[in-house]
Each structure stands twice: as structure tokens, then as C-alpha cells.
A.B. asks: 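Before anything else, here's the structure in question.
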Amino acid sequence: MCGIVGYVGDHQPDARPLEVVLEGLRRLEYRGYDSAGVALVTGAGGLATAKKAGKLANLVAELDARPLPGATAGIGHTRWATHGGPTDVNAHPHVAGGVALIHNGIVENFAVLKEELLADGAELLSETDTEVVAHLLQRAYAEVKDLGEAMRLVVRRLHGTFTLLAVHEDHPDTVVGARHDSPLVVGLGDGANYLGSDVAAFIAETRRALELAQDQVVVITPRSVTVTDFDGNPAEGREYTIDWDAAAAEKGGFRSFMEKEIADQPQAVQDTLLGRTDTHGRLVLDDLKIDESVLRAADKIIVIACGTAAYSGHVAKYAIEHWCRIPVEVELAHEFRYRDPILTERTLVVAISQSGETMDTLMAVRHAREQGAKVLAICNTHGSTIPRESDAVLYTHAGPEVAVASTKAFLAQITAAYLLGLYLAQLRGNKFADEIAEILDDLRAMPEKIQEVLDRSGRVREIARWMADTSSVLFLGRHVGFPVALEGALKLKEIAYIHAEGFAAGELKHGPIALIEPGQPVFVIVPSPRGRDSLHSKVVSNIQEIRARGARTLVIAEDGDEAVKAYADEVFFVPQSPTLLAPLLSVVPLQIFACELATARGLDVDQPRNLAKSVTVE
Ligand code: F6R
């Protein structure tokens, strides 16, 4: 939700700041693509800006037509609109006097501040909350003549969420930043420093990063990074090395990032499983700041997450309840927080988030901790806010996920949830060591099976292309197949803009079956016939019910399940696996289906309309 990048380097004014900032924006564009803009501090002691509605390509075309002068520092922004439509005028940066400022978040008290500025004679051009902050900063700077101090004065007046970056025409060697409930990281270079909403902003330049805490102001020059809290007290960030490189965030020959990330899934699962056992074969988790006795005593687990991450939580529920015999609830983070949930010190809250910055999930984490619950985060982004604020972390190792639609992070989240379930079973004595080892072996076999699903994807791609004009697709599943159905529908909605619904197969006859008319395509995720037999036969009956009403059935079934063939218009077989682990396989054809169909429709699968990768507003 808005991408932010800042650069300052120790050199004569030249093209480098613009190059670095544009490269950063290219890598951050998945965070928002309603508009893009840059501001540079030029050698002549002036500011140069350019901004354009629409995708980054529009800004690049503008810069080609009207090049900016050389510079020593720069900031850049890619926007997901909140206040004010996606127009050139509302695009960031916003300039006030010698200040140029960019913003991610929402300033909730902007109306009051705007009134105050207008009464004082300020001329505001846009409808944004950000321009108000630019004017406040310009006025504060005029008083104190220190950019860091001016920023501290301003942020203390703001309510809401924000990451702010600013430059001033009098300071060609400085970029100032501030964060409150929105992400900001520092990149440490040699004779140059960087700021970004996430490390992708500067991964092409450096893998050394500095994590900032909430409510901090940072001033970077080419050779210094100064961090304080909002009151000016010195603070220090935590330095770390980014464990992936720029190549990991490139398409690598695939048509889209989504296609590449689907193909990355065997690796994502394998890396998430790597190094999880100690020398005695016992499971260990990362960064566990909770006493094991607390986990042993937990009498309820509540999983909080949004979107795809929440569906991984649904899969977790089946596995954890089965293995550990602890009740697990799964709740959308934005609902959880406002319903006065019952939390005690024996409740373990598991927050699942790829980005670690989803505001709804972050707020739910804070609420849970305020109520005395312990929070364990499952997260893909090191140093992000949710793991920082949690009592324990289990990192997924999916690598950078760039496509807006989540794929490899989903599989990695499910894998991490299995690990958590097994860890709890080990700790609480619900399972013997050899039982856990057996399930771990099954898990370790999954990457190869996922690869097999990928290798067999020709037919599902063909069907997807053939169905490019379809207007509605339904998805049915039972047990762990139910969240898979929900995820299959979400993928299709978000990237192909097709009406899609996922249902629990048993629910169909309670209403949704009325939707079935001749030709209606329905994906059905069929559980293993080797598992609980009743489950398999119930789903086969559900297929018959819809087929009798004319549905076109597209069935995902396990190798060897000959029984479904008679009822399916099309079967996509996946390798055999234990029932609880099957979502790692059955969701893959659905991801491929959505990606291929959206591509066939000529859509931008990586940057679907109205969406942004990291939802940092509530
Ligand atoms: C869907 C998708 C979203 C995210 C959700 C949570 O493809 O990507 O539904 O899963 O916004 O995001 P994180 O996991 O970053 O908290």
C-alpha cells in the first residue's frame, strides 16, 4: 500500500539518484500503482519533481519527455490512493516551499490541520492528506532550520498511520524519514544510504539493512544514519543482512511474477522446512520468546489473518486440532479486533502474514497482547512489524513475493502451520517422537510432489485458456479441501475479475445449489479415498448432485482415484499424500488455472486492478 524509496549519495549531482529511485519504484510497484512520482534535490540547490497518474511506465515516459537535472538525493513514491482520486495532482511528492514529501498511510486529523493551514494562508492544490503534512513540515523547518527536528515537530501533531520521507532544497545531502504504524527500513551502502517501504526498494544496491522501530525519525546522509524517537531521544536500529538477492525478485524468464512464484513453490516449501530439527531430531522454532510452559498450558488457539493468509489458517485448524487436541478458531483479523474476543493468558494467538505489515492483522495482534494473550507470528518478511511485535516468530522462507496474488507464501504458511502443530504436539506430548518424525518425512516429500503437479499442468492451462470468456466459476471442497476451494475462488476473482465462489461441499444443498444451471463450471476438490472413506464418498455424491443439474465438473483428485472419473467432465490428478497435507498439492492447479485464464484474458496478473500487495491501512 504505497511504495516509498529514498536515496542520498556522496557524489556530484548526476543521474544516479533518479536511477536508484526509479529502480526502487519498479521493485515496489506491487505496493500500489495508481500513480508514481519523484523529487530530486539538484546541485543548483533546487528541487525537481515529476509525477504522473497511472503505472510507473507513465512517469518514465514523462521523464523521457521532460528529463530532470542531475541530483545528489531523491525520493520516489508509488501510490495506492486513499485521500483523493488517482490523478496527477494527487500523486506524490507534494511540494511546499523548499520541501518535497511522500507518504504511506492515512493522516486521520488532516481536516483540522488543513483548516489551520488555510486560515494561515497556505495554498493547497490537491485533495490529499499528504500535502497538508508537506506544508506543516515546510513551516516547522522555517522555524527550526533543522530537517530532522522539523519532522519530529510535525509527526507529534499527526494522528493515524504514516511513513513519511522528505527532502529539502537546502539539504542536497539529506533525506529524512519517519514511521508510525507503517513500514520503513534503512539500506546501508558505501557512501550512500537508502530508505524503503521494504528492502526490495534497495535490494539492487545493498543487502545490509537497518530495522527501525515504531515512532522513530531517521535522517540519512551519504555517510550517516541518525535515528531518534519522536521526542528526539537517540535510538538505534537493528542491523541485519537480507537473505535474498535482486535476482530472486526478477521474473527470470516467466511471463509474470505470479507464474514464477507458482513455479517457486517446491523450493518455498522445502526452504520453510529446512533446519527445523535439532541434533536430537526435535523440532525447534525461530525466535521463540515465550516460555515453553505457556505453550504447554495453552487451552485455545486463535488464528488471525486476512485473505489468503486466513485460508492457510483454516488448513492449520484441521491439522492442529487433529494433532494437538487444542481447539483452534480462525478469524479474519479485522473482525476479531472489533468483536471483543475472549482472550486469557492461556490463549495462544497465531498471526499469519506474508508481509508482516497488514494493518488489520497488526492491530489484531496488538489487541490480543493488550488482553494478555501471547502472540506467535508466522511471517515471510524478516524485520517487519508483526513479528517484531509478537512474542514468538516462525518465519516462512518463501523468498520475496512480488505478484499481488499470493501463491508461494500460501504454501509456505501452510507448511509453517504444520510445523507449529507438530511442535505443539511434541511439547504437549500429544504425539510420540516417531509419529512426529513420520509426519515430518511426509512433509519433506511434498516439494517433489508439488513439482509433479507443476510438471503435469499442461491440461489445466489448456482448459483455462479455453475458458477465458467464462463469467462464473464455483469451487467446492470439504474438510481441508474447503479452504482450498475458498483460495481457488479468491485467486480467480482477484486476477481474472471473474465471479467465483468457494463453498463447503456439504453446504451446497442448503442454498447455493440454486446457482447451478446447465454448463456452470464447478471445480471440486476431492479428498483421498485412502483417508476417511465417508469423506470421499460424500464429495463424490456432491459431484453427482451438481452434475445432475447440468454443472460442468472439473475435479481435482488423487492419483488412482478411478471412482471420480465417471462423474467428472475433467479430472486433474495430483500425487497421493496424507489427507491433512493434501492442500499443498490440490491448490496448485487452481493457482495455475487462475493465472493462465487471466493471462489469456490479456490482464495484468501481477498488478490486478484496485489491489495492492501490502495492505497497510485499515
Ligand atoms: C490474496 C492476497 C491477500 C493477502 C492478504 C494478507 O492473493 O494476497 O488476500 O493474503 O492481504 O496479506 P499478508 O499475508 O501480507 O498479511
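Just so we're clear, the structure is a prediction, and the values are computed from it rather than from any experiment. Just so you know, residue 1 is the first one in the sequence shown, and it goes up from there. When a ligand or atom number is given, it counts from 1 through the structure's own listing order.
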A.B. asks: Could you tell me the residue and atom name of the protein heavy atom closest to atom 11 (O) of ligand 1, and the distance to it rounded to 0.1 Å?
C.D. replies: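 Answer for atom 11 (O) of ligand 1: Val615 CG2, 4.2 Å.
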
A.B. asks: May I ask you to check whether Ser472 and Gln520 show a side-chain donor-acceptor distance below 3.5 Å?
C.D. replies: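 On atom types as modelled, these side chains qualify, holding a pair under 3.5 Å.
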
A.B. asks: Pick out which of Gln270, Gln591, Gln451 makes a side-chain hydrogen bond (donor to acceptor under 3.5 Å, both in side chains) with Gln265.
C.D. replies: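 Answer to the side-chain hydrogen bond (donor to acceptor under 3.5 Å, both in side chains) test with Gln265 among Gln270, Gln591, Gln451: Gln591.
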
A.B. asks: Short list, please: which atoms of ligand 1 are under 4.0 Å from a heavy atom of Glu494?
C.D. replies: 1 (C), 7 (O)

A.B. asks: Return the closest protein heavy atom for atom 15 (O) of ligand 1 as residue, atom name and distance.
C.D. replies: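 Going atom by atom, the protein heavy atom closest to atom 15 (O) of ligand 1 ends up being Ser355 OG, 2.7 Å.
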
A.B. asks: Tell me which protein heavy atom sits closest to atom 14 (O) of ligand 1, plus the residue, atom name and distance to 0.1 Å.
C.D. replies: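 For this ligand atom, the closest protein heavy atom is Gln354 N, 2.6 Å.
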
A.B. asks: To the nearest 0.1 Å, how far is atom 6 (C) of ligand 1 from its closest protein heavy atom, and which atom is that?
C.D. replies: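 I find the closest protein heavy atom is Cys306 O, 3.3 Å.
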
A.B. asks: Please list all pairs passing the salt bridge (charged side-chain N to carboxylate O under 4.0 Å, His left out) test where one or both residues lie in residues 363-386, with sequence neighbours left out.
C.D. replies: Asp181-Arg366, Arg366-Glu389, Arg369-Asp391

A.B. asks: Indicate whether the side chain of Asp198 and that of Tyr30 have a donor and an acceptor atom separated by less than 3.5 Å.
C.D. replies: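 Present: a donor and an acceptor within the cut-off.
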
A.B. asks: Could you list which atoms of ligand 1 come closer than 4.0 Å to a heavy atom of Ala309?
C.D. replies: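 So the atoms of ligand 1 that pass are 10 (O), 14 (O).
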
A.B. asks: Looking only at distances, can you tell me whether any N or O atom of Leu490, backbone or side chain, sits closer than 3.5 Å to an N or O atom of ligand 1?
C.D. replies: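 It does not: no N or O of Leu490 is found under 3.5 Å from an N or O of ligand 1.
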
A.B. asks: Tyr240 and His382: aromatic ring centres closer than 6.0 Å?
C.D. replies: no

A.B. asks: So, does Thr381 sit close enough to ligand 1 that a heavy atom of it is under 4.0 Å from the ligand?
C.D. replies: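 Distance cut 4.0 Å: Thr381 fails for ligand 1.
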
A.B. asks: Measure the distance from atom 12 (O) of ligand 1 to every protein heavy atom, then report the residue, atom name and distance (to 0.1 Å) of the closest one.
C.D. replies: Thr358 OG1, 3.4 Å

A.B. asks: So, does Lys491 sit close enough to ligand 1 that a heavy atom of it is under 4.0 Å from the ligand?
C.D. replies: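 Yes.
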
A.B. asks: Would Arg459 count as a cation-pi partner of Phe572, with NZ or CZ less than 6.0 Å from the six-membered ring centre and within 45° of the ring normal?
C.D. replies: no

A.B. asks: Would you mind listing which atoms of ligand 1 come within a distance below 4.0 Å of any non-hydrogen atom of Gly307?
C.D. replies: 9 (O)

A.B. asks: By number and element, which atoms of ligand 1 are closer than 4.0 Å to a non-hydrogen atom of Ser353?
C.D. replies: 13 (P), 14 (O), 15 (O), 16 (O)

A.B. asks: For residues Phe202 and Leu195, determine if any side-chain heavy atom of one lies less than 4.5 Å from a side-chain heavy atom of the other.
C.D. replies: no

A.B. asks: Assess the side chains of Asn380 and Thr396: does a donor N or O sit below 3.5 Å from an acceptor N or O?
C.D. replies: yes

A.B. asks: Between Leu611, Ile378, Ile352, Thr308, which one has a non-hydrogen atom sitting closest to atom 2 (C) of ligand 1?
C.D. replies: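 It is Thr308 that holds the nearest heavy atom.
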
A.B. asks: Using a distance-only test with no angle check, is there a side-chain donor-acceptor pair under 3.5 angstrom linking Ser406 and Lys491?
C.D. replies: no

